[in-house]
Amino acid sequence: MTLSANKCQGARAKRKHMTVRTRFAPSPTGYLHIGGVRSALFNWLFAKQHGGQFILRIDDTDQQRNIEAALNPILEGFRWLGIDWDEGPQVDGPHGPYYQSQRRSKYEAAVAILLERGLAYRDFSTAEEVQAERAEAEKNQTEFIYSRRWMAESDEAAQRFEAEGRSSVVRLKMPREGQCEFVDLVRGPMRFDWSKEQDHVIQRADGTCLYHLANVVDDEDLKITHVIRAIEHLANTPRQIFIAQALGYELPAYAHLPFVAEPGSKNKLSKRKLDKYLKNPDFGTLYEYGMKVMRRLGKEPDADTFNPVIVDFYRDVGFLPEAINNYLLLLGWSLDDKTEDFTREEMIQYFSLDRVIKSPASFDPAKLLAFQQRQAGRLNPEERTEQCVRFLFEAGWVEAMPSSDMIDRITRLIQAAGDRIKIGGDILDYPEFFETEKPLEYEAKAFQKRILKPAEALPLLSSYRERLEAVSDFNASELEANLKSFVESQEIKIGQIIHALRVAVTGKAVGFGMFETLEILGRPCVLRRIDETLQYAKESMESSDS
RNA sequence: GGCCCCAUCGUCUAGUGGUUAGGACACCGGCCUUUCACGCCGGCAACACGGGUUCGAAUCCCGUUGGGGUCACCA
């Protein structure tokens, strides 16, 4: 038998007025892989663009327990990213159930049809017997093709095998000549020899069905028109086409996406190789950033999922979902030679499968960071505050419902910070604005260089303190005018006082604009910190003298 | 190993026979500046290799090399 799928390719999809339906089918593994997100995003975009539906189907198996626990992080991840599904878990729809484990009867019915049509057969071989044939073929350096020696196509044959005490699985009776042809929407025409295909098992002795059968049946049931999935599945496509055609289904259109590769390599990005990726400087920086945020929050990250390969990581440290989406969109797809910024609407409008690149794309943490930065720059003050408040609360620096005074303070702070705060967790770099009662921790080097070393630092701070006490209105512009006049009266350069002042009131060598910093801190805090600095400097000098 | 896929700056990519091979990120200079960041200006940097086809190849063909995927009673 020769099956040529090309004429049927995408028949369902091509039918006029047929709604486009795409799907993403995660296994409940407890985490959402960044590569999976990209596949889902492409499916989602394609469906939205065509006014169709995006479906989430859960490829679980019946032996898995605790489905909910393993599924929730995945669903939450998609929700956070705004990749919503029209049908699936927690949504329902006309084609449910959306869990493979609940669809067994459908698979069994399909197997029965295949058997009846002679396109599958009961096979009474044992795993060892098939393995022996495989080994034999390998020894002779020939291609392994199952002998079908334990195939039972008649009831009599079956009874004979059963009399021997054998049990049976169901195998596909795959064609052994001809070719399977289909058009891949990303890669163009594909052609595979049927003779290279095995008689794949589709049902175990205990009656449970295997993935490929389930997959094809589900896609048919869910009226999936476009199967957009990772390249790993390309080689599986012929057998799925065989199953679909054997069952009389119209074929969906296929599109195989290149995988997301490791930073700086072409290997598939894997959750398991965190240690290896950490050696990549950019990846390491990203991970370290995450660890820093966790430390500041006093949290112990889950070693299993706190990983930049997993989408939870980004949510936990304060990335914006739009940045992730935009970055992932450009990982393997481009519109033209310059457009990089896409709103959600633009993504939907412009996405197309024919501009998906064919080769794998490495995950580049530095570029993701750049998208995050750009996206953060678009936020208005309220949104920026919103982005940070969660972290302030988790750090215990503000109440769950901050007072309006506090919100105002936070807003001014974020304004002063400007683009220094790119990621939500960045706000945690500024405890000096929140833990105002605690004594400052001075950066040793800065303290030495700006306070202790210059002979004029202490006297200047001291006399500037008098000025600050007298300032009528403790706001940035007033403070600036005041400092300028102070600088003039002292006949010094502004740098001679301002660096010392910064260390004195924040403990740090670098920070926001000086006057905004003073204003936000407020007079009492500023005066107290100058006093403390003068005191601490005195002590330091005395102890180093002795 | 069989089958299949892929190949442009470090990375993401544009490019479908004629371009000084374009952009972005990163990196390196400079400017701005109270520091840092931003911003601005500038710079470094690529067609894996070898054969064809052609007046002319990053672009088309063949081969080589390299990388990857897949070959389950996993999903």
Side-chain angles (χ1 to χ4, degrees), chain A residues 25-29 59-61 64 100 123 125-127 130-131 134 137-138 141-144 167-171 184 186-187 190-193 195-198 200-206 208-212 214-215 230-239 256 258-259 261 263-268 280-282 327 330-341 355 357-371 373-374 377 417-422 446 450 480 483 487 493-503 506 508-515 517:
Chain A
S27 300
T29 51
D59 279 12
D60 56 351
T61 61
Q64 272 174 310
Q100 274 192 344
D123 181 62
S125 65
T126 63
V130 174
Q131 189 49 46
R134 202 184 293 272
E138 201 163 317
Q141 304 220 323
T142 57
E143 254 169 62
F144 165 66
S167 59
S168 67
V169 298
V170 177
R171 287 183 185 275
D184 187 288
V186 170
R187 274 147 221 285
M190 294 286 124
R191 179 186 301 197
F192 295 87
D193 288 339
S195 61
K196 302 290 190 313
E197 290 288 320
Q198 297 299 326
H200 304 284
V201 173
I202 52 174
Q203 187 176 38
R204 299 185 183 92
D206 67 1
T208 56
C209 293
L210 272 71
Y211 169 76
H212 292 291
N215 195 56
I231 186 80
E232 295 86 301
H233 291 286
L234 180 61
N236 298 330
T237 306
R239 84 183 73 160
H256 289 96
F259 56 80
S265 115
K266 292 295 180 197
N267 295 328
K268 195 166 90 174
N280 173 284
D282 294 332
Y327 173 70
L330 272 322
L331 201 56
W333 179 85
S334 70
L335 176 63
D336 54 30
D337 60 338
K338 39 182 68 81
T339 316
E340 290 222 316
D341 272 355
R355 287 195 64 87
I357 204 79
K358 294 186 183 72
S359 50
S362 310
F363 176 70
D364 181 357
K367 187 134 186 173
L368 172 57
L369 225 43
F371 276 92
Q373 185 172 330
R374 191 149 47 186
D419 45 45
R420 292 173 189 83
I421 293 180
K422 306 173 174 77
R450 300 301 191 185
E480 179 165 6
L483 184 77
V487 163
K493 286 187 179 167
I494 195 163
Q496 288 175 271
I497 173 72
I498 215 157
H499 297 297
L501 184 59
R502 184 185 304 283
V503 175
T506 67
K508 295 174 178 174
V510 301
F512 312 151
M514 194 64 250
F515 308 106
T517 300

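A, B, ... follow the sequence lines: proteins, then strands. Residue 1 opens every chain. The shown structure was predicted, so the numbers you read here are calculated from the model rather than taken from an experiment.
With contacts defined as side-chain heavy-atom distances shorter than 4.5 Å, the pair A:Gln100/A:Ser27 does not qualify. By the 4.5 Å heavy-atom criterion applied to side chains, A:Arg355 and A:Ser334 are counted as neighbours.
Distance check, rounded to the nearest 0.5 Å: CE of A:Met514 to CD1 of A:Ile494 gives 10.5 Å.
For A:Arg171, taking side-chain heavy atoms from C-beta onward, the closest of the listed nucleotides B:A75, B:U35, B:C73 is B:C73. In the set B:C36, B:U34, B:C74, the nucleotide with an atom closest to the side chain of A:Leu210 is B:C74. Nearest nucleotide to the side chain of A:Asn267, out of B:G69, B:G67, B:U34: B:G67. When distances run from any side-chain atom of A:Phe515 to the nucleotides B:G68, B:U13, B:U34, the shortest one goes to B:U34. Nearest nucleotide to the side chain of A:Lys196, out of B:U35, B:C3, B:G69: B:C3.
The nucleotide B:C60 finds its pairing partner in B:G52, both defining distances of the Watson-Crick or G-U wobble pair being shorter than 3.5 Å. Shown here, B:A24 forms a base pair with B:U11; the pair counts as Watson-Crick or G-U wobble because both key distances fall under 3.5 Å. Nucleotide B:U16 is matched to nothing when pairs are restricted to Watson-Crick or G-U wobble geometry with both distances under 3.5 angstrom. The base-pairing partner of B:G2, taking Watson-Crick or G-U wobble contacts with both distances under 3.5 Å, is B:U70. Look at B:C40: its Watson-Crick or wobble partner, with both distances under 3.5 angstrom, is B:G30.
Contact annotation for A:Gly511: base contact, defined as any heavy-atom pair under 4.0 Å involving a base atom. Residue contacts shown for A:Asp419 include a base, since a base heavy atom lies under 4.0 Å away. Among the atoms of the strands shown, none is found under 4.0 Å from any heavy atom of A:Thr237. Contacts of A:His233 with the nucleic acid, taken as non-hydrogen atoms under 4.0 Å apart, include base atoms. Counting non-hydrogen atoms under 4.0 angstrom, A:Gly332 reaches the backbone sugars and phosphates but no base. In this structure, A:Phe192 reaches the sugar-phosphate backbone alone: every heavy-atom distance under 4.0 Å involves primed, P, OP1 or OP2 atoms, never a base.
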Go through the steps for A:Thr208 and A:Arg204 under the test side chain to side chain donor-acceptor pair (under 3.5 Å), then give the verdict. CA-CA 5 Å; A:Thr208 56; A:Arg204 299 185 183 92; 2.9 Å; yes
Could you go step by step and tell me if A:Ile202 and A:His212 meet the side chain to side chain contact (heavy atoms under 4.5 Å, CB included) rule? CA-CA 7 Å; A:Ile202 52 174; A:His212 292 291; 5.9 Å; no
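Residue-to-nucleotide contacts include a donor-acceptor pair under 3.5 Å from the side chain of A:His212 to the base of B:A75.
Shown here is A:Arg191, whose CZ atom has no more than 12 heavy atoms of other residues, nucleotides or ligands within 6.0 Å. Heavy-atom neighbours of A:Glu232 CD from other residues, nucleotides or ligands within 6.0 Å: above the threshold of 12.
Atom pair A:Ile421:CD1 and B:C36:P shows a separation of 18 Å (rounding to whole Å applied). Whole-Å rounding puts the A:Asp60 CG to B:C74 P distance at 15 Å. Taking atom CD of residue A:Gln198 and atom P of nucleotide B:C71, one finds them 11 Å apart after rounding to whole Å.
Side chain of A:Asp184 to main chain of A:His256: a donor-acceptor pair is present (N/O by atom type, distance under 3.5 Å, no hydrogens or angles). Using a distance-only test at 3.5 Å, with no hydrogens or angles considered, no donor-acceptor pair links the side chain of A:Asp193 to the main chain of A:Lys196.
Under 4.0 angstrom from either OP1 or OP2 of B:U35 there lies no side-chain N or O belonging to A:Arg450. Side-chain nitrogen and oxygen atoms of A:Ser362 include none within less than 4.0 Å of the OP1 or OP2 phosphate oxygen of B:U11.
Nucleotides B:C62 and B:U53, compared at atom P, are 15 Å apart to the nearest Å.
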Under 3.5 Å between N/O atoms: give me all the protein pairs with nucleotides 5-8 of chain B, atom names plus distance.
unit_1, atom_1, unit_2, atom_2, d
B:C5, O2', A:Arg187, NH1, 2.8

Summarise protein proximity over nucleotides 23-33 of chain B in one line of letters, 5' to 3': B for base, S for sugar-phosphate only, - for none, counting protein heavy atoms closer than 4.0 Å. BBS--------
